[in-house]
Amino acid sequence: MNMHENFSLQPYNTFGVEAKAKYFTEVRTIEELKNTLSENSQPLLFLGGGSNVLLTKDFDGLAIKINLKGISEEGSDENHILVTAKAGENWHEFVMHCLEKNYGGLENLSLIPGNVGTSPMQNIGAYGTEIKDVFVKCTVLNLENMEIETFNLEQCRFGYRDSIFKQEGKGKYVILEVTFKLTKKAHVIKTEYGAIQSELEKLNIENPTIQDVSKAVIHIRQSKLPDPKEIGNAGSFFKNPTIPLAQFEKLKQNFENIQGYPNGNMVKVPAGWLIEQCGWKGKQIGNVATHKLQSLVIINATGNATGKEIFDFSTEIINSVKEKFGIELEREVNII
């Protein structure tokens with residue numbers, strides 16, 4: 001296990017911003033992780049796929065890249081299988097692995113960047129599916145007592161892009177592996193969200209398989225979201241805000257085209273629409289811009305942006321949306 005000093009984290013964050021860690025190491029086993037932590041007295045930063053983090057300055061401590069690998073499975077019942085993936089497995093590759101075996105439940109989450117270990121932290125979701133729909137448990141290392149613990153679905157307290165690991169459990173645990181309950185044959189096909197249905201129609205598919213749904217999702221994402229390998233970004237930068245129905249109705253009087261998805265007496269408003277209405281779509285300031293096809297995505301337009309520049313750019317967006325609509329956007333990306 002190599003310990004590096006004054007180490008560049010540029011290759012380890014999908015924004016591709018330059019920031020250095022005072023110390024850096026990679027761990028491939030739980031034993032390595034425990035040993036590293038037992039000898040450390042520095043502040044800690046854990047890195048997975050680096051797809052949900054914005055480094056705004058150098059990190060004065062120890063950055064640990066979690067590289068635990070492996071996928072295992074056990075039968076659950078006639079129609080279900082429990083599949084466990086270690087934290088360091090790439091999320092999309094894991095989804096593809098499950099689809100190759102015809103295991104259903106993750107297809108709508110195809111092409112989401114990042115690793116398996118960070119997926120429960122913000123209850124990743126897309127196109128009508130969230131982690132919590134197929135989640136069984138995750139195994140974690142408790143950083144206070146170095147004990148290995150298990151969190152079930154209820155204990156994770158999943159919400160919209162939220163979990164116990166972003167609230168009172170933040171910084172207290174490292175997720176080591178995650179177990180999902182997937183279908184083997186009676187798959188539940190979800191095509192009613194986003195553009196999946198129209199994408200399938202374009203492909204002349206009337207009775208889609210889980211593989212067809214995945215292909216449609218991949219095609220939609222590739223058509224409107226930039227590839228982090230080509231242009232630095234962290235996917236959706238902001239959460240979609242949820243506001244009271246009364247507030248939404250009032251806004252509708254002034255903005256009759258406002259979009260919203262009611263849920264009881266609350267309405268979820270697409271952040272991308274709000275940002276676009278404030279004139280940010282494709283707008284560039286210095287090295288930073290919003291993507292020309294999806295204003296929810298902030299990009300490192302020149303490849304030379306600093307984390308602080310990206311953060312300041314996001315603050316300007318938040319301020320202009322608040323001024324125009326009275327809605328405060330919340331960053332989805334973890335700010336370091």
Side-chain angles (χ1 to χ4, degrees), residues 30 48-49 66 68-141 148-165 169 173-194 196-197 199-200 205-218 220-221 263:
I30 295 171
I66 304 292
L68 311 176
K69 295 287 172 78
I71 299 171
S72 59
E73 52 187 61
E74 55 182 297
S76 174
D77 59 38
E78 203 179 311
N79 187 42
H80 293 96
I81 184 107
L82 297 180
V83 185
T84 299
K86 302 268 189 218
E89 289 288 340
N90 174 274
W91 175 260
H92 178 65
E93 285 171 22
F94 171 61
V95 173
M96 291 299 104
H97 166 89
C98 293
L99 286 167
E100 274 167 33
K101 297 198 153 199
N102 200 38
Y103 298 156
L106 299 175
E107 55 280 356
N108 293 51
L109 305 177
S110 299
L111 212 63
I112 290 179
N115 287 358
V116 169
T118 47
S119 64
M121 289 179 77
Q122 58 166 17
N123 182 24
I124 61 170
Y127 301 105
T129 300
E130 290 180 315
I131 280 292
K132 69 175 176 59
D133 303 333
V134 288
F135 179 95
V136 176
K137 63 180 179 179
C138 61
T139 304
V140 306
L141 180 67
I148 289 178
E149 298 175 14
T150 302
F151 278 74
N152 63 23
L153 177 65
E154 200 181 339
Q155 289 167 319
C156 286
R157 297 219 301 278
F158 290 126
Y160 170 59
R161 301 294 172 271
D162 200 19
S163 73
I164 190 169
F165 304 111
Y173 305 98
V174 179
I175 296 172
L176 306 172
E177 62 181 32
V178 189
T179 301
F180 305 93
K181 186 179 187 177
L182 305 178
T183 50
K184 289 193 282 192
K185 45 189 179 189
H187 303 308
V188 179
I189 306 287
K190 289 186 184 175
T191 61
E192 63 273 28
Y193 289 82
I196 295 179
Q197 196 58 57
E199 194 62 42
L200 291 167
I205 295 167
E206 284 182 24
N207 299 303
T209 63
I210 52 175
Q211 290 80 7
D212 292 331
V213 172
S214 171
K215 273 183 203 148
V217 167
I218 289 169
I220 296 163
R221 289 185 79 94
N263 183 4

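Computation of the quantities below employed the complete heavy-atom set of this structure, encompassing side-chain atoms and omitting hydrogens, waters and symmetry-equivalent molecules.
- For Phe151 against Gln155, the heavy-atom pair with the smallest separation is CA-OE1, 3.4 Å.
- In terms of heavy-atom proximity, Leu106 sits nearest to Val134 at CD2-CG2, 3.7 Å.
- In terms of modelled atom types and a separation under 3.5 Å, the side chain of Gln211 and the main chain of Leu99 share a donor-acceptor contact.
- Of the possible donor and acceptor atoms, one in the side chain of Asn123 sits under 3.5 Å from a partner among the backbone N and O of Gly159.
- Distance check: Ile164 CD1 to Phe158 CZ gives 10.0 Å after rounding to the nearest 0.5 Å.
- The distance from the CD1 atom of Ile81 to the NZ atom of Lys181 is 11.5 Å, given to the nearest 0.5 Å.
- Shortest non-hydrogen contact noted between Phe165 and Pro120 is CD1-O, 4.4 Å.
- For the pair Glu107 and Lys215, the salt-bridge criterion is not met [side-chain N within less than 4.0 Å of a carboxylate O].
- Separating the CG atom in Asp162 from the CD atom in Glu130 is a distance of 10.5 Å, to the nearest 0.5 Å.
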**Asked** Going through the distances and angles, do Glu199 and Val217 end up as a side-chain contact (heavy atoms from CB on, under 4.5 Å)?
**Response** CA-CA 8 Å; Glu199 194 62 42; Val217 167; over 6 Å; no

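- With hydrogens and angles disregarded, a donor-acceptor distance shorter than 3.5 Å links the side chain of Arg161 to the backbone of Gly125.
- In this structure a side-chain-to-backbone donor-acceptor pair under 3.5 Å is missing from Trp91 to Thr118.
- From Glu177, atom CD reaches atom CD1 of Ile175 across 11.0 Å, with rounding to the nearest 0.5 Å.
- The closest side-chain heavy-atom distance from Thr183 to His80 is below 4.5 Å.
- Side-chain N or O atoms of Lys190 include none that pairs as donor or acceptor with a backbone N or O of Val213 at under 3.5 Å.
- When all heavy atoms of Met96 and Ser214 are compared, the pair lying nearest together is CE-OG, 3.3 Å.
- Side chains of Glu89 and Ser119 form no contact here, defined as non-hydrogen atoms less than 4.5 Å apart.
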**Message:** Set out, in order, the CA-CA distance, both residues' side-chain angles and the distance that settles side-chain contact (heavy atoms from CB on, under 4.5 Å) for Asn108 and Ile196, then state yes or no.
**Reply:** CA-CA 9 Å; Asn108 293 51; Ile196 295 179; 3.7 Å; yes

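- In this structure, Asn79 contributes its side chain and Lys185 its backbone to a donor-acceptor pair below 3.5 Å.
- The shortest distance between side-chain heavy atoms of His92 and Ile218 falls below 4.5 Å.
- Formation of a donor-acceptor pair under 3.5 Å by the Asn152 side chain with backbone atoms of Glu154 is found in this model.
- Here the straight-line distance linking atom CG of Leu176 with atom NZ of Lys86 works out to 8.0 Å at 0.5 Å rounding.
- The aromatic rings of Phe180 and Phe94 are tilted relative to each other, their planes meeting at an angle between 30° and 60°.
- Within the 4.5 Å cutoff, side-chain heavy atoms of Ile148 are placed close to those of Thr139.
- Pairing each heavy atom of Asn115 with each of Ala87, the nearest pair is CB-O, 3.4 Å.
- Counting all heavy atoms, side chain and backbone alike, Val95 lies closest to Ser110 at CG1-OG, 3.7 Å.
- One finds the CG atom of Asn207 at 9.5 Å from the CD1 atom of Ile189 (value rounded to the nearest 0.5 Å).
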